[in-house]
Amino acid sequence: MDLEGIGAIAAAAVAALGVPAAVLVGRWQMRAALRAAEETGRAGIAQAESTYRAALDAVRTEADAAHQQWRRGIRRDAYAGFLLAMTRPWMPKPVLMMAP
């Protein structure tokens, strides 16, 4: 066998081993990329849920504060009305007698 034949056989052997090895490595890389994408998706969803819960908590806190302020205003107005009513002179109304 001459050098060209040995080179051709060696090239065929390298190709026969190299192509399946490249396909195998490509599959490993694809699986790793898919796993990384899934983990990134899970992390993104967890971050979004956390942000959503924080926004809900902020809105709930603001709503509670607004409600408390409204209640204080109503109480203040009611108490002011009560004090005004108590400072007015009180006179009994004349009782009308009806004939029996």
Side-chain angles (χ1 to χ4, degrees):
M1 210 182 259
D2 59 350
L3 288 176
E4 287 180 17
I6 295 173
I9 292 175
V14 166
L17 294 175
V19 170
V23 170
L24 184 64
V25 168
R27 286 183 54 112
W28 286 343
Q29 288 178 343
M30 181 186 67
R31 286 182 184 168
L34 285 176
R35 267 188 255 121
E38 287 174 3
E39 291 301 319
T40 302
R42 284 191 197 111
I45 289 172
Q47 179 67 32
E49 287 176 352
S50 175
T51 303
Y52 178 71
R53 280 192 299 272
L56 280 181
D57 289 343
V59 168
R60 198 172 291 128
T61 301
E62 286 293 322
D64 288 343
H67 181 69
Q68 290 297 327
Q69 184 177 1
W70 173 78
R71 286 182 66 188
R72 282 192 299 271
I74 294 296
R75 285 180 184 161
R76 184 174 42 250
D77 292 344
Y79 187 64
F82 173 73
L83 288 178
L84 284 174
M86 293 305 294
T87 58
R88 289 188 188 136
W90 183 75
M91 288 192 192
K93 293 184 180 178
V95 178
L96 297 174
M97 300 288 288
M98 295 186 70

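Every value quoted in this text rests on a predicted model; they were computed, and no experiment measured them. Note that the numbering runs from 1 along the sequence shown for the chain.
- Contact record, Ala15 with Pro20: O-CD, 4.1 Å, taken as the closest heavy-atom pair.
- The other residues sharing a hydrophobic cluster with Trp70 are Ile74, where clustering joins ILVMFWY side chains under 4.5 Å apart.
- Screening residues 55-66 for side-chain hydrogen bond (donor to acceptor under 3.5 Å, both in side chains), with sequence neighbours left out, gives Asp57-Arg60.
- The shortest non-hydrogen separation linking Leu84 to Thr87 is O-OG1, 2.9 Å.
- Each side-chain hydrogen bond (donor to acceptor under 3.5 Å, both in side chains) pair with one or both residues in residues 6-31, not counting sequence neighbours, would appear here, but there are none.
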Without placing hydrogens or testing angles, list every side-chain donor-acceptor pair under 3.5 Å for residues 34-52, not counting sequence neighbours.
{"residue": "Glu39", "atom": "OE2", "partner": "Arg42", "partner atom": "NH1", "Å": "2.5"}
{"residue": "Thr40", "atom": "OG1", "partner": "Ala36", "partner atom": "O", "Å": "2.8"}
{"residue": "Thr51", "atom": "OG1", "partner": "Gln47", "partner atom": "O", "Å": "2.9"}

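- For Arg75, the side chain to side chain contact (heavy atoms under 4.5 Å, CB included) partners two or more places apart in sequence, or in a different chain, are Arg71.
- By the salt bridge (charged side-chain N to carboxylate O under 4.0 Å, His left out) test, Glu4 pairs with no residue at all, sequence neighbours left out.
- Here Tyr79 is tied into one hydrophobic group with Phe82, Leu83, Met86, each link being a pair of ILVMFWY side chains closer than 4.5 Å.
- By the 6.0 Å contact criterion, CD on Gln69 is open, its count of non-hydrogen atoms from other residues, nucleotides or ligands being 12 or less.
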